[in-house]
Amino acid sequence: MSHGPICTRFAPSPTGYMHIGNLRTALYAHLLAKTTGGRFIVRIEDTDQVRLVEGAVDVILDTLRMTGLSYDEGPIVGGPNGPYVQSERKDIYRQYADQLVAKGYAYYCFCTQERLQEMHDENGIGGYDRHCRDLTPEEVQQHLDRGEPYVIRQKMPLSGTTTYYDEVFGEITMDNAEMQDQILLKSDGFPTYNFAHVVDDYLMQVTHVVRGSEYLTSTPKYVLLYDAFGWQRPHYVHLPLLMGRSDDGKISKLSKRHGAVSFQDLVNSGYLPEAIVNYIALLGWCPKDTNREMFTLDELRECFSIDAISKSPSVFDYEKLKWFNSEYIKQMDPARFAAAARQRLQDCTPAHVDLDKLIGLLQSRVATLDEVVEMSRFARERLPLDTELYTNKKNKTTPELCRTILEDVRPLLADCAVWENTALFELLKEYAAATERKAGAIMWAVRIAVARQGVTPGGATEVMEVLGKEEALGRIDLALEELNR
RNA sequence: GGCCCGAUGGUCAAGAGGUUAAGACACCGCCCUUUCACGGCGGUAUCACGGGUUCGAUUCCCGUUCGGGUCACCA
């Protein structure tokens with residue numbers, strides 16, 4: 001591939017949340033650097049003063065910390081080529097923009113925003129007529145003397161083509177005539193992304209630019225900038241986009257309208273960072289020579305490679321994420337799961353409920369931590385019960401049969417000295433044997449009566465144990481009352 | 001609309017000039033079982049279309065179609 005150590009960067013703008021597509025970009029950039037023992041840099045691209053969001057940098061850094069995407073240089077930790085926040089590098093960009101103007105690769109533009117607006121067509125697709133491209137130095141000076149606001153634009157070649165090589169997509173060629181004289185330095189003195197990232201990537205010695213493929217067609221403009229400065233172009237690694245399907249079935253770049261698309265959203269609804277990382281790693285990349293799907297970050301660092309990155313976009317599938325998450329929950333250290341579950345349950349669970357037992361039943365049955373709450377509703381309240389639930393084809397139960405069973409079993413349970421799963425199980429089995437009834441039928445009747453919901457975490461005796469003797473018996477009484485009505 | 005990119009089941013995907021075209025999720029069925037879940041076994045379903053090149057194309061080339069991206073003082 002390439003010679004010398006690889007250096008990649010993750011350069012998000014602080015929007016206040018970490019989009020899952022951005023996280024995948026960060027992951028790949030991190031992996032590419034780390035598989036080869038290279039450097040990974042984090043740089044904050046906050047040149048849009050209008051869209052600044054308070055605390056947004058923390059969101060980014062917290063996400064990287066939670067996912068384990070460690071970086072060698074970046075905000076707070078610093079590094080040899082800092083600062084790593086673009087708003088703190090304002091002077092640097094101006095200096096390089098001036099250099100470009102002096103070399104004839106950029107020029108001052110004094111056109112008003114109103115004038116620019118007028119050139120946009122009905123679809124808002126604009127063009128700039130290069131009105132100021134050929135202003136004489138005297139004219140420029142006159143405007144400047146009048147104190148008029150200005151921007152600095154890149155002077156694109158008017159003919160010919162520009163070609164660059166992308167590590168994923170191969171050779172990309174664009175007609176120079178397609179490229180606008182894009183703005184490098186805005187009238188507020190801040191650079192645009194188009195300019196700032198080129199300067200920074202050069203100064204920070206980034207060797208591989210990893211980013212989404214939405215930049216595929218604007219990259220020729222950036223390589224022209226490298227050429228103008230006389231800098232060596234970096235390697236480009238454009239990633240296939242992450243897509244979402246909206247209600248009308250249309251597929252497009254994953255965005256908020258597709259649901260929870262930020263890392264924080266997913267974590268808040270009970271997804272584990274490890275599961276999220278594992279899933280998104282496989283969206284657009286596939287390990288060589290293996291069918292394996294479960295990967296820790298360390299394992300990914302060992303087998304990641306650019307040539308296994310796919311070219312075609314992939315649709316984000318919440319079902320598959322859920323599956324990964326359930327696998328990770330099952331593998332979770334029980335104590336850690338218990339802590340997470342307890343946090344969600346303790347405030348809404350009545351005192352008579354054996355929370356530890358309940359949590360123990362839950363771990364192998366939930367796909368997300370949030371499901372812990374929904375799945376234990378039965379323990380929290382006496383749900384409205386449809387008598388038809390007593391009817392079960394397989395166990396051949398009917399409401400009438402269940403009533404008989406419950407009447408029989410109620411005194412036996414009341415006499416039960418040790419209110420514990422195994423003892424209760426034995427008791428009910430003895431009763432089944434004595435009456436020559438199917439154990440399944442007994443269990444069904446009892447489970448429905450005490451849980452009052454069709455799907456429960458655990459069987460009849462486990463449910464009873466969780467509820468405690470008093471509540472369980474109370475519910476059997478209630479069930480009998482309802483069945484005798 | 002111009003330009004750029006892409007196309008293997010519903011989704012993620014492996015694959016290769018000759019294969020019974022892997023695997024995973026989802027779905028369906030069966031088994032296990034104390035319900036549910038877990039687990040086990042099995043099943044339905046894919047190479048967008050048309051031309052070439054070739055003994056042979058899903059794989060290579062061209063076109064079409066479809067999908068996506070992009071054309072900002074946003075990144």
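Below, read A as the first sequence line, B as the second, and so on, with proteins coming before strands; counting in each chain starts at 1.
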Task: Between B:rU64 and B:rG2 - P atom distance, rounded Å - done: 12 Å
- [ ] Taking only the side-chain heavy atoms of A:Lys394 (C-beta and beyond), determine which of B:rU70, B:rA37, B:rU33 contains the nearest atom.
- [x] B:rU33
TODO: List the atom of A:Ser310, the atom of A:Pro240, and the distance in Å for their closest heavy-atom pair.
DONE: O-CG, 3.0 Å
- [ ] Could you check how far CZ of A:Arg452 sits from P of B:rU35, rounded to whole Å?
- [x] 21 Å
TODO: Nearest whole angstrom, please: distance from the P of B:rA75 to the CD1 of A:Ile44.
DONE: 14 Å
Open item on the list: With a 3.5 Å limit on both atom pairs, tell me what B:rG1 is paired to, counting Watson-Crick and G-U wobble, or say none.
Closed with: B:rC71
- [ ] For B:rC60, give its Watson-Crick or G-U wobble partner with both distances under 3.5 Å, or none.
- [x] B:rG52
TODO: To the nearest Å, give me how far apart CD (A:Glu171) and P (B:rC3) are.
DONE: 19 Å
TODO: Decide, yes or no, whether a salt bridge links A:Asp333 with A:Arg336 under the criterion of side-chain N to carboxylate O below 4.0 Å.
DONE: no
Open item on the list: When the C1' atoms of B:rC31 and B:rG69 are compared, how many Å lie between them, rounded to an integer?
Closed with: 49 Å
Filtered N/O pairs between nucleotides 8-14 of chain B and protein, under 3.5 Å:
| unit_1 | atom_1 | unit_2 | atom_2 | d |
| --- | --- | --- | --- | --- |
| B:rC12 | OP1 | A:Val315 | N | 3.0 |
| B:rC12 | O2' | A:Leu282 | O | 3.4 |
| B:rA13 | OP1 | A:Gly284 | N | 2.6 |
| B:rA13 | OP1 | A:Ser314 | OG | 3.2 |

Task: Whole-Å C1' distance, B:rU44 and B:rC27 - done: 9 Å
TODO: State whether A:Arg447 and A:Glu462 are salt-bridged, where the test is any N-O pair (Lys NZ or Arg NE/NH1/NH2 against Asp/Glu carboxylate O) under 4.0 Å.
DONE: no
TODO: Determine, for A:Lys322 against A:Asp317, whether the closest basic-nitrogen to carboxylate-oxygen distance falls under 4.0 angstrom.
DONE: no
Open item on the list: Taking only the P atom of each, what is the distance from B:rU11 to B:rU46 in whole angstrom?
Closed with: 13 Å
Open item on the list: Measuring from the side chain of A:Ile183 (C-beta onward, heavy atoms only), which nucleotide among B:rG69, B:rA72, B:rA26 has the closest atom?
Closed with: B:rA72
TODO: Indicate, with a heavy-atom threshold strictly under 4.0 Å, whether A:Ala439 touches base, sugar-phosphate, or nothing.
DONE: nothing
Open item on the list: The side chain of A:Glu45 is closest to which nucleotide in this list: B:rA75, B:rC36, B:rU35?
Closed with: B:rA75
TODO: Can you figure out which of B:rC4, B:rC25, B:rA75 approaches the side chain of A:Ile172 most closely?
DONE: B:rC4
TODO: Find the partner of B:rA16: check Watson-Crick (N1-N3 plus N6-O4 or O6-N4) and G-U wobble (N1-O2, O6-N3) distances, both under 3.5 Å, and reply none if neither fits.
DONE: none
Task: Interatomic distance where CG belongs to A:Asp175 and C1' belongs to B:rG1 [whole Å] - done: 16 Å
Open item on the list: For B:rG39, give the paired nucleotide (Watson-Crick: N1-N3 plus N6-O4 or O6-N4; G-U: N1-O2 and O6-N3; both under 3.5 Å), or none.
Closed with: B:rC31
Open item on the list: Please give the distance between the C1' atoms of B:rA37 and B:rC74 as a whole number of Å.
Closed with: 47 Å
Task: Donor-acceptor pair present, A:Ser213 side chain and B:rC5 base, under 3.5 Å - done: no
Open item on the list: Quick one about A:Thr368 and A:Asn325 (side-chain donor to acceptor, distance below 3.5 Å, no hydrogens or angles considered), yes or no?
Closed with: no
Open item on the list: Are A:Phe169 and A:His238 an aromatic pair, judged by ring center distance below 6.0 Å?
Closed with: no
Task: Integer-rounded Å distance: B:rU35 P and A:Leu383 CG - done: 21 Å
Task: Along RNA chain B (nearest heavy atom to each residue), the more 5'-positioned of A:Glu178 and A:Lys330 - done: A:Glu178
Open item on the list: Rounded to whole Å, how long is the line connecting atom CG of A:Asp181 with atom P of B:rA72?
Closed with: 12 Å
Open item on the list: I'd like to know if A:Arg382 pairs up with A:Glu471 as an ion pair, taking the criterion as any Lys NZ or Arg NE/NH1/NH2 lying under 4.0 Å from an Asp or Glu carboxylate oxygen.
Closed with: yes
TODO: Taking only Lys NZ, Arg NE, NH1 and NH2, and the carboxylate oxygens of Asp or Glu, determine whether A:Arg43 and A:Glu45 approach each other closer than 4.0 Å.
DONE: yes
Open item on the list: What's A:Thr461 touching, base or sugar-phosphate or nothing? Going by heavy atoms closer than 4.0 Å.
Closed with: base
TODO: Report the nucleotide, chosen from B:rC73, B:rC38, B:rU35, that has the shortest atom-to-atom distance to any side-chain atom of A:Arg447.
DONE: B:rU35
Task: Pairing nucleotide - B:rC47, Watson-Crick or G-U, each distance under 3.5 Å - done: none
Task: Whole-angstrom distance between B:rU20 and B:rC25, as gauged at atom C1' - done: 24 Å
Open item on the list: Just to be sure I understand the rule, does A:Met243 reach a base, reach only the sugar-phosphate, or reach nothing, if contact means heavy atoms closer than 4.0 Å?
Closed with: sugar-phosphate
Task: Note: A:Asp181-A:Lys155 ion pair, threshold 4.0 Å (strictly below) - done: no
TODO: Please determine, for B:rC25, whether a Watson-Crick or G-U wobble partner exists with both distances under 3.5 Å, and give it or none.
DONE: B:rG10
Open item on the list: The side chain of A:Lys311 is closest to which nucleotide in this list: B:rA72, B:rC3, B:rG6?
Closed with: B:rG6
Open item on the list: So if I take every side-chain heavy atom of A:Lys253 and compare against B:rU70, B:rG15, B:rG68, which nucleotide ends up nearest?
Closed with: B:rU70
Task: SB check A:Asp129 A:Arg115 (cutoff 4.0 Å) - done: yes
Task: Among B:rU35, B:rC5, B:rC73, the one nearest A:Leu216 by side-chain distance - done: B:rC5
Open item on the list: Taking only side-chain N and O atoms of A:Lys221, does any of them lie within less than 4.0 angstrom of OP1 or OP2 on B:rC71?
Closed with: no
Task: Distance, C1' atom - from B:rG43 to B:rG6, rounded to whole angstrom - done: 32 Å
- [ ] Using atom CE of A:Met179 as one end and atom C1' of B:rG2 as the other, report the distance to the nearest whole Å.
- [x] 14 Å
Open item on the list: For a ring pair (Phe, Tyr, Trp, His ring centres under 6.0 Å) check, start with the C-alpha distance between A:Tyr215 and A:Tyr193, then their side-chain angles and the critical distance, and finish with the verdict.
Closed with: CA-CA 11 Å; A:Tyr215 291 102; A:Tyr193 167 83; 5.1 Å; yes
Task: P atoms of B:rG51 and B:rG15, separation to the nearest Å - done: 29 Å
Task: Whole-Å distance separating the CG atom of A:Asp289 from the C1' atom of B:rG23 - done: 14 Å
Open item on the list: With nearest nucleotide decided by heavy atoms, which residue, A:Met443 or A:Cys111, maps closer to the 5′ end of RNA chain B?
Closed with: A:Met443
Open item on the list: When you measure only distances, ignoring hydrogens and angles, does the side chain of A:Thr456 come within 3.5 Å of the base of B:rU35 through a donor and an acceptor?
Closed with: yes
Open item on the list: Counting only side-chain heavy atoms from C-beta out, which of B:rC73, B:rU33, B:rA72 sits nearest to A:Gln113?
Closed with: B:rC73
Task: Touch class at under 4.0 angstrom, heavy-atom based, for A:Val151 against every strand present - done: base
- [ ] May I ask you to say what A:Glu462 touches in the nucleic acid, namely base, sugar-phosphate or nothing, with a heavy-atom cut-off under 4.0 Å?
- [x] base
- [ ] Would you mind telling me which of B:rG6, B:rG69, B:rA37 lies closest to the side-chain atoms of A:Arg365?
- [x] B:rA37
